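Chain naming here is simple, since letters A, B, ... match the order of the sequence lines and numbering starts at 1 in each. All of these numbers come straight from a predicted model, not from anything done at the bench.
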Number of protein chains: 2
Amino acid sequence: MNTKKALAILKEAGYKYTDKRESILTFFEQEDRYRSAKDLLDYMEARYEGISFDTIYRNLNLFDELEILESTELDGEKLYQISCADHHHHHFICRTCGVTQEIDLCPMDEIAKKLNNYMIEDHKFEIYGLCPVCH
Amino acid sequence: MNTKKALAILKEAGYKYTDKRESILTFFEQEDRYRSAKDLLDYMEARYEGISFDTIYRNLNLFDELEILESTELDGEKLYQISCADHHHHHFICRTCGVTQEIDLCPMDEIAKKLNNYMIEDHKFEIYGLCPVCH
DNA sequence: TTTGTAAATAGGAATGATTACGTTTTGTGC
DNA sequence: GCACAAAACGTAATCATTCCTATTTACAAA
């Protein structure tokens, strides 16, 4: 995923192109790791004085829906990063810097068989720790 | 885990025995599924007029630390249930009623090998959906 | 049984993340 | 350029949780 592709997805879905949206995408493309709404707000406030929470959160939710971003929830805070692959995968997540490492192994197929009468909607498999740089 | 064993753990760790703590344990023993702080508060308020948030949250955190309860975080809310096994395991969790089904399969051993330079602290593997009763 | 004291609780304020909402501004198709 | 719907502003509200101080209580030692 890159800014160009993301703006195409937005246009396709009938959303407007704004400079704030482009900035948000640039932020996530540059960072390429999990970042919080607060992190984005700090970045945006430096560029757009008086930007509102509404703009931050509305766009984060929108981009998440459109799968331009992927999200997770850690210690009571939602985190977002630029969508990193088009196939099913999981992540190692660095608790210090938010960097992720893709994990392609997923045990769901095996497990689904054992949950016969259960309706499985989704699942979360994440590994937490410190990346090589942070420890 | 049952109330008796939990009270023994409390005593062992030097914590006091109070009727509120016993009530909290009774609640989770009866429920035997993930419940929120709010659920517990409702239960406790019916029994102890004017019980404070502090008592609810302090004891939830304490019981979680002592592994009398196990916890997870779902949709921005912490959930707790009575500790259900003494070996490593994961859960299917029903989104409607909070009932859990133990999953003994864990792919971490295989994955740890692939994350050579990473310091792995912990991991979360949860399956969400509807239990046989709720769908 | 009484007493000292550290732990537990009450009551409510504070915090932090997120959502809501009425008003104003701005992109975009015509 | 114009009209209109979407986006953003500014700020209040909400929700879960934590924090704080005064008061009460459980428990152990005398």
Give a yes/no on whether any side-chain N or O of [X] is located under 4.0 angstrom from OP1 or OP2 of [N].
X       : N      : answer
B:Thr55 : C:dA10 : yes
B:Ser36 : D:dA16 : no
B:Tyr57 : D:dT17 : yes
B:Thr18 : C:dT9  : yes
B:Asn59 : C:dT9  : yes

Over how many whole Å does the gap from [X] atom [atom1] to [N] atom [atom2] extend?
X       : N      : atom1 : atom2 : value
A:Phe53 : C:dC21 : CZ    : P     : 17 Å
B:Asp54 : C:dG12 : CG    : C1'   : 10 Å
A:Leu74 : C:dA17 : CG    : P     : 13 Å
B:Ile51 : C:dG12 : CD1   : P     : 15 Å
B:Asp75 : C:dA17 : CG    : P     : 18 Å
B:Lys11 : D:dA28 : NZ    : C1'   : 10 Å
A:Glu77 : D:dT17 : CD    : P     : 15 Å
B:Glu45 : C:dA10 : CD    : P     : 11 Å

Check: B:Lys20 side chain, C:dA8 base, donor-acceptor under 3.5 Å: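 Per atom types, no contact qualifies.
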
Presence of donor-acceptor pair under 3.5 Å, side chain of A:Lys38 and base of C:dA17: no

Give [X] one of three labels, base, sugar-phosphate or nothing, depending on what nucleic acid heavy atoms sit under 4.0 Å from its own.
X       : result
B:Lys78 : sugar-phosphate
B:Arg58 : base
A:Asn61 : sugar-phosphate

Distance in Å, A:Cys131 SG paired with A:Gln101 CD, rounded so as to fall on 0.5 Å steps: 10.0 Å

Atom pair NE2/CG of A:His135 and B:Asn117 - distance to nearest 0.5 Å: 7.0 Å

Out of D:dT17, C:dT28, C:dA7, whichever nucleotide has its closest atom nearest the side chain of B:Lys16: C:dA7

Whichever of A:Gly14 and B:Tyr80 has its nearest DNA chain D nucleotide further upstream toward 5': A:Gly14

Whichever of B:Ala37 and B:Tyr15 has its nearest DNA chain D nucleotide further upstream toward 5': B:Ala37

Comparing A:Asp19 and B:Leu62 on DNA chain C - which has the more 5′ nearest nucleotide: B:Leu62

Distance under 6.0 Å and angle within 45° of ring axis: A:Lys11 vs A:Tyr17: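 Relative to the ring axis of A:Tyr17, which defines the angle, A:Lys11 lies outside at least one limit.
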
cation_pi(B:Arg47, B:Tyr43) dist<6.0 Å, angle<=45: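 So B:Arg47 does make the cation-pi contact.
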
Hydrophobic cluster membership, A:Ile103 vs B:Ile127, 4.5 Å side-chain cutoff: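 Linked within one cluster.
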
Cluster overlap B:Phe53 with B:Leu79, hydrophobic side-chain contacts below 4.5 Å: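 The answer is no; the residues belong to distinct hydrophobic clusters.
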
